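The block underneath contains the structure these notes are about, expressed in structure tokens.
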Amino acid sequence: MTLWVKAKVQKIKYWKKNLLYISLKAPIDKFIAGQFSKIRIENSYTHKKIQRAYSFVNPPQSNKIEFFITLIKNGIMSKKLASLKIKQEILISKKSYGFFTLKEIKPSKILWMFSTGTAIGPYLSILQEKNDTKKFKKIILVHSVRYFSDLKYLKLIQNIKKTYQGKLITIITISRENKQHFYYGRIQKLLLNNKLEKDISINMNPKNSNIMLCGNPNMVEDLFKILVKEKNMTKNLRKKPGNITRENYW
């Protein structure tokens, strides 16, 4: 049974009509970077409670609780989130959940992190915390958005990269807009034609790499199939460790 605690809205920011940043303050238990929490809001008219799961953007050591959320058109929860006000109280689960963490991944030479849209959140939490990143000699973050205007965490990504002193490689791709200094196209194509590997002179194979996939379920499924078929990789399980750890973002 989920234990709920009150959370007060500290900050709200709309980066685009469908992209919401929210900061909360609440007495939750310490979580592991990469995990998610549950937010619960009551319908003031029907008194029915609506809840959804969202991954933390902030690292566990932060005194902020931050979420980066895609608002779904006509979505019941999205409408509630869009109407939130500063200092308003909602409910959040005291405990956090999920196994999309570095603790679940065996050490390897290379760690690849693939994400789309707001699914950058868990990686930002993981990379800011830095726990267990020593298990990997090189970390490659591949983040894809549809349009340049969707790229809201670019500055934070650049600042995080500096703290890794060459250990972290960041690759940004925009799938529906050609922008100078950024890759153009879907991650699937860039992986299939080996362009990413060629450009950074790193070969991805089962012996040297672990892969994390997070985001659009279609992207996650496509990349999983490509990695299994073209790279001979296997799903990462607790009883049978493999190369691919995945999480759909809705």
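Predicted model only: the values in this text are computed from it and were never measured.
- Between Leu91 and Ile39 there is no side-chain heavy-atom pair separated by less than 4.5 Å.
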Practice problem: Could you go through the side chain to side chain contact (heavy atoms under 4.5 Å, CB included) check for Met204 and Ile211 one step at a time? | Solution: CA-CA 9 Å; Met204 180 193 294; Ile211 317 294; 3.8 Å; yes

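- Ile105 and Val142 sit in two unconnected hydrophobic clusters of ILVMFWY residues. Membership requires side-chain heavy atoms under 4.5 Å apart, directly or through other members.
- Between Ile12 and Ile86, the shortest heavy-atom distance links the atoms N-CD1, 3.7 Å.
- Clustering ILVMFWY residues whenever any of their side-chain heavy atoms sit less than 4.5 angstrom apart, transitively, puts Phe136 in the very cluster that holds Phe100.
- With sequence neighbours excluded, the residues satisfying ring-ring contact (aromatic ring centres under 6.0 Å, His included) with Phe182 are Phe148.
- Once rounded to the nearest 0.5 Å, the distance linking CZ of Phe67 with CG of Leu81 reads 10.0 Å.
- Of all heavy-atom pairs between Ile50 and Lys80, the closest is CD1-CG, 4.2 Å.
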Quiz item: Could you walk me through whether Ile120 and Phe68 pass the side chain to side chain contact (heavy atoms under 4.5 Å, CB included) check?
Solution: CA-CA 9 Å; Ile120 186 71; Phe68 186 30; 4.1 Å; yes

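- For the pair Lys73 and Asn18, the minimum side-chain heavy-atom distance is 4.5 Å or more.
- At least one side-chain heavy atom of Leu124 sits less than 4.5 Å from a side-chain heavy atom of Ile157.
- Few gaps surround NZ on Lys135; more than 12 heavy atoms of other groups in view lie less than 6.0 Å from it.
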Quiz prompt | Stepwise side chain to side chain contact (heavy atoms under 4.5 Å, CB included) test for Ile65 and Ile92 | solution = CA-CA 10 Å; Ile65 300 172; Ile92 188 171; 4.2 Å; yes

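- Interatomic distance, CG of Leu71 versus OG of Ser78, reported as 5.0 Å (0.5 Å rounding).
- For the pair Ser23 and Lys64, the tightest heavy-atom approach, listed with the atom from each and the gap, is OG-CB, 4.2 Å.
- Gln10 contributes atom CD, which lies 6.0 Å from atom NZ of Lys25 (distance to the nearest 0.5 angstrom).
- A cation-pi geometry, defined here as NZ or CZ lying under 6.0 Å from the six-membered ring centre and within 45° of its normal, does not hold between Lys189 and Tyr184.
- With respect to the salt-bridge test (charged N to carboxylate O, under 4.0 angstrom), the residues Lys231 and Glu197 qualify.
- Aromatic rings of Tyr153 and Trp15 (six-membered ring for Trp) have centroids within the 6.0 Å cut-off, being under it.
- Between Ile41 and Gln51 the shortest side-chain heavy-atom distance does not fall below 4.5 Å.
- The two residues Gly242 and Lys106 make their nearest non-hydrogen contact at O-CE, 3.7 Å.
- A donor-acceptor pair shorter than 3.5 Å can be found between the side chains of Lys130 and Thr163.
- No side-chain heavy atom of Met212 sits less than 4.5 Å from a side-chain heavy atom of Trp112.
- A cation-pi arrangement is present between Lys38 and Tyr97, with the terminal nitrogen or guanidinium carbon under 6.0 Å from the aromatic centre and inside a 45° cone about the axis.
- Counting only distance, with no hydrogens or angles, the side chain of Gln128 and the backbone of Ser62 share no donor-acceptor pair below 3.5 Å.
- Using a 4.5 Å cut-off on side-chain heavy atoms (C-beta onward), Asp199 and Tyr183 make contact.
- In the hydrophobic clustering of this structure, Phe99 does not group with Leu127; members are Ile, Leu, Val, Met, Phe, Trp, Tyr whose side-chain heavy atoms approach within less than 4.5 Å, directly or through other members.
- Screening Thr116, Asp222, Asn248 for a side-chain contact (heavy atoms from CB on, under 4.5 Å) involving Pro217 leaves a single residue, Asn248.
- Distance check, rounded to the nearest 0.5 Å: CD1 of Ile169 to CE of Met113 gives 13.0 Å.
- If you run side-chain contact (heavy atoms from CB on, under 4.5 Å) between Phe114 and each of Val220, Ile187, Leu141, only Ile187 comes through.
- No donor-acceptor pair closer than 3.5 Å links the side chain of Asn208 to the backbone N or O of Lys109.
- Counting only residues at least two apart or on different chains, the salt bridge (charged side-chain N to carboxylate O under 4.0 Å, His left out) pairs with a member in residues 238-250 are Glu104-Arg238, Glu221-Arg246.
- Using a 4.5 Å cut-off on side-chain heavy atoms (C-beta onward), Val145 and Arg176 make no contact.
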Exercise. Would you check, one step at a time, whether the test side chain to side chain donor-acceptor pair (under 3.5 Å) holds for Ser144 with Thr173?
Key: CA-CA 5 Å; Ser144 178; Thr173 175; 4.7 Å; no

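- Distance CG/Leu84 to NZ/Lys79: 15.0 Å, rounded to 0.5 Å.
- Taking the six-membered ring for Trp and the full ring otherwise, Phe31 and Phe56 have centroids separated by under 6.0 Å.
- Looking at heavy atoms from C-beta onward, Ile140 lies in side-chain contact with Ile200 at the 4.5 angstrom threshold.
- Here the NZ-CD1 distance, from Lys103 to Ile126, works out to 11.0 Å after rounding to the nearest 0.5 Å.
- In the hydrophobic clustering of ILVMFWY residues, with side-chain heavy atoms under 4.5 Å counting as a link, Val5 and Leu24 come out together.
- Considering all non-hydrogen atoms of both residues, Lys16 and Ser149 come closest at NZ-OG, 3.2 Å.
- Both Ile90 and Met77 belong to a single network of hydrophobic side chains, linked directly or stepwise wherever heavy atoms of I, L, V, M, F, W or Y lie under 4.5 Å apart.
- Side chains of Ser37 and Ser93: a donor on one and an acceptor on the other come within 3.5 Å.
- Formation of a donor-acceptor pair under 3.5 Å by the Tyr54 side chain with backbone atoms of Glu66 is not found in this model.
- A salt bridge is absent between Lys95 and Asp29: the closest approach of a Lys/Arg side-chain nitrogen to an acidic carboxylate oxygen does not fall below 4.0 angstrom.
- Between the Gln35 side chain and the Gly98 main chain, a donor and an acceptor come within less than 3.5 Å of each other.
- Between Asn210 and Ser108, the side chains place a donor N or O and an acceptor N or O closer than 3.5 Å (distance only, hydrogens not considered).
- In this structure, the side chain of Lys138 does not engage the main chain of Leu111 through any donor-acceptor pair within 3.5 Å.
- Closest of all the heavy-atom pairs between Pro206 and Asn232 is CG-O, 3.4 Å.
- Around atom CG of Leu192, more than 12 heavy atoms belonging to other residues, nucleotides or ligands sit under 6.0 Å away.
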Exercise. List the steps, then state whether side chain to side chain contact (heavy atoms under 4.5 Å, CB included) holds for Lys235 with Phe224.
Key: CA-CA 8 Å; Lys235 187 176 182 179; Phe224 180 79; 3.9 Å; yes

